[in-house]
Amino acid sequence: MHQHQVPSRFKAKIIPVSIFDFVVFGGTGDLALRKLMPSLYYRDKDGQIPTGSRIIGASRSDMDRAAYIAIVKEHLVKHVRDEDFNEECWAAFAERLDYVSTEVPNGWQNLKQALAADGRIRVFYLSVPPGIFGSTCGKIHQHKLIDDQTRVVIEKPIGRDLETSCEINDSVGNYFHEGQIYRIDHYLGKETVQNLMALRFANSLFEPLWTRNWIDHIQITVAESIGIGTRGGYYDKSGALRDMVQNHILQLLCLVAMETPKEFGANEVRDEKLKVLRALRKIGPEDFKSHVVMGRYREGAVGGRPVIGYMEEKGIPEDSRTESYVAIKAHVDNWRWAGVPFYLRTGKRMPRRTSEIVIQFKKVPHLIFPRNADEVAPNRMVIRLQPDEGIRLYLMTKVPGPGGFRMQPTPLDLSFAEAFKMRYPDGYERLVMDVVRGNQTLFMRRDEVEAAWMWADTILNGWDNLNTFPQSYTAGTWGPSAAIALIERDGRTWYESEKR
Ligand code: NAP
């Protein structure tokens with residue numbers, strides 16, 4: 001895979017968007033200031049935000065526009081690369097910014113007045129606790145701020161089980177129809193995740209191999225080196241399964257496993273993902289022990305620094321049974337994937353932050369190199385989502401030199417950053433503009449979210465029934481030994497990504 005500068009004819013054509021007002025409820029919060037504002041700044045800097053469009057922060061805090069602008073600037077300086085932050089772009093961006101406190105008297109009237117009444121696109125981004133999604137939508141409706149050009153974006157977590165996710169979906173659905181609701185999963189905005197679709201559906205090379213005939217198994221790992229930090233109270237009510245598997249990991253699984261959609265359209269792609277979710281084999285209480293390992297980190301060291309264990313973190317109740325790690329052996333019960341296990345794992349306080357999908361192909365069917373039988377490793381494709389987005393395809397090659405015929409797996413390595421010599425945009429950058437464009441392809445439809453919960457609920461019920469504690473693992477390792485046993489029982493091993 002050759003590394004090159006992108007010829008201009010292949011540079012992304014930016015689809016123009018119409019003028020819009022973008023309201024960020026929770027505009028003073030972490031997500032808004034760390035992700036959304038920097039993303040909008042970058043889109044503005046790239047000339048993608050039409051003149052006259054506005055970005056309006058809204059929260060309970062009482063402050064004026066100037067104070068809000070100062071807060072946004074402080075965070076942009078922190079979260080935008082030095083070479084991309086300049087006073088000229090900032091001044092243009094600041095010009096678009098406004099702030100409204102919704103909790104002061106007439107707060108909602110002020111918001112109404114801040115919005116243009118010229119029929120432009122209006123986005124309400126609910127970067128607030130999910131518990132107030134419904135009431136916020138109710139107020140948006142009550143103040144007659146919804147028309148055909150209005151969209152609402154909701155963040156995870158969409159519930160903590162099927163029942164509560166239905167409640168949230170109903171509470172938003174009371175005021176917005178499905179075509180207006182954008183359930184964001186920022187993993188779907190990652191370039192590599194979209195590249196997975198390009199890899200599968202824009203190349204004829206891999207798709208014929210993408211079946212149980214040629215694939216032995218698939219691994220999906222989302223590892224974090226951080227612990228739960230100051231979010232102990234929140235995290236303990238959630239755990240790794242709810243926080244990572246039900247949404248991000250299942251979305252990745254869908255993109256790996258889905259059939260070819262008729263076209264790259266919102267419903268076509270989401271219909272295919274839904275079929276995968278519905279084909280996921282339920283893991284009932286009787287299968288729990290052979291298919292699921294829950295873990296929790298104890299004290300250890302990450303990156304050479306000592307760290308405390310989960311139970312010592314702030315805000316964790318003494319009787320907590322919450323998992324900071326989960327490994328699952330999943331099956332997609334359909335013709336394409338019958339008999340191909342999907343090993344999923346995610347955890348906190350792992351040795352390093354890495355997210356990757358490993359496609360492990362089968363052994364060659366017949367060996368012609370008898371003396372080197374052990375050396376012929378099956379092909380493997382590693383799709384790396386972070387930290388350094390790219391794809392590695394391990395092929396067997398002959399080690400150079402006369403004499404014997406030795407072989408070794410050698411990677412064909414495509415690092416997107418090196419190949420395209422450009423900044424890799426954050427997933428949110430694409431997604432916020434997709435909302436404005438009205439493109440729902442990379443957002444989750446209600447039936448998808450609920451199908452994912454239906455599967456996750458069976459595991460959560462199995463866990464509740466067990467009445468045991470998560471297995472402990474030392475912080476800075478790849479999880480409990482039972483998780484290694486989960487895959488090694490099947491004669492396979494977890495792929496440990498190479499440090500880059
Ligand atoms: P946060 O830092 O706690 O910010 C929440 C924001 O909502 C603040 O601006 C707060 O401002 C406002 N708010 C809180 N309670 C409110 C209420 N009752 N009425 C009106 N406004 C209220 O939270 P966050 O981390 O930004 O998360 C926001 C949303 O994104 C949550 O749904 C979260 O689950 C989701 N999310 C966050 C991340 C992340 O990386 N942070 C990742 C994925 C999903 P005032 O106090 O001034 O009202």
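Atoms within each ligand, like the ligands themselves, are counted from 1 in listed order. We number each residue from 1, following the sequence as shown. As a basis for the values below, the full set of heavy atoms in this structure was taken, side chains included, without hydrogen atoms, waters or symmetry mates.
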Is ligand 1 less than 4.0 angstrom away from at least one heavy atom of R34?
->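 Yes; R34 lies near enough to ligand 1 that a heavy-atom distance drops under 4.0 Å.
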Which residue and heavy atom of the protein sit nearest [atom], plus the separation:
{"atom": "atom 22 (C) of ligand 1", "value": "R60 NE, 3.6 Å"}
{"atom": "atom 43 (C) of ligand 1", "value": "E155 OE1, 3.5 Å"}
{"atom": "atom 31 (C) of ligand 1", "value": "V128 O, 3.3 Å"}
{"atom": "atom 10 (C) of ligand 1", "value": "T28 OG1, 3.9 Å"}
{"atom": "atom 5 (C) of ligand 1", "value": "S127 O, 3.9 Å"}
{"atom": "atom 26 (O) of ligand 1", "value": "L31 N, 2.8 Å"}
{"atom": "atom 25 (O) of ligand 1", "value": "D30 CB, 3.7 Å"}

Are the side chain of Q440 and the backbone N or O of E178 linked by a donor-acceptor pair below 3.5 Å?
->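 Such a contact is found between Q440 side chain and E178 backbone.
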Using atom types as modelled and distance alone, determine if a side-chain donor or acceptor of N86 lies under 3.5 Å from a backbone N or O of E88.
-> yes
Are W455 and F342 close enough that their ring centers fall under 6.0 Å?
->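 Between F342 and W455, which both carry aromatic rings, the centre distance is not below 6.0 Å.
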Could an N or O of ligand 1 be found under 3.5 Å from any N or O of [X], whether backbone or side chain?
{"X": "Y234", "result": "no"}
{"X": "E103", "result": "no"}
{"X": "I132", "result": "no"}
{"X": "G26", "result": "yes"}
{"X": "G29", "result": "yes"}
{"X": "K156", "result": "yes"}

Do NZ/NE/NH1/NH2 and the carboxylate oxygens of [X] and [Y] come within less than 4.0 Å?
{"X": "D236", "Y": "R231", "value": "no"}
{"X": "D21", "Y": "R122", "value": "no"}
{"X": "E496", "Y": "R345", "value": "yes"}

Test ring-ring contact (aromatic ring centres under 6.0 Å, His included) on Y42 and W90 and set out the steps.
-> CA-CA 10 Å; Y42 270 117; W90 160 247; over 10 Å; no
Using only heavy-atom distances, determine whether the side chains of [X] and [Y] contain a donor-acceptor pair under 3.5 Å.
{"X": "Y41", "Y": "D84", "answer": "no"}
{"X": "T221", "Y": "Y343", "answer": "no"}
{"X": "T164", "Y": "D161", "answer": "yes"}

Would you verify that at least one protein heavy atom lies under 4.0 Å from atom 3 (O) of ligand 1, or report that none does?
-> no
Check: I226 and R353 side chains under 4.5 Å, non-hydrogen atoms | no
For P157, counting its heavy atoms only, list the atoms of ligand 1 lying under 4.0 Å from any of them.
-> 34 (O)
Hey, which atoms in ligand 1 end up nearer than 4.0 Å to a heavy atom of S61?
->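 So the atoms of ligand 1 that pass are 45 (P), 47 (O).
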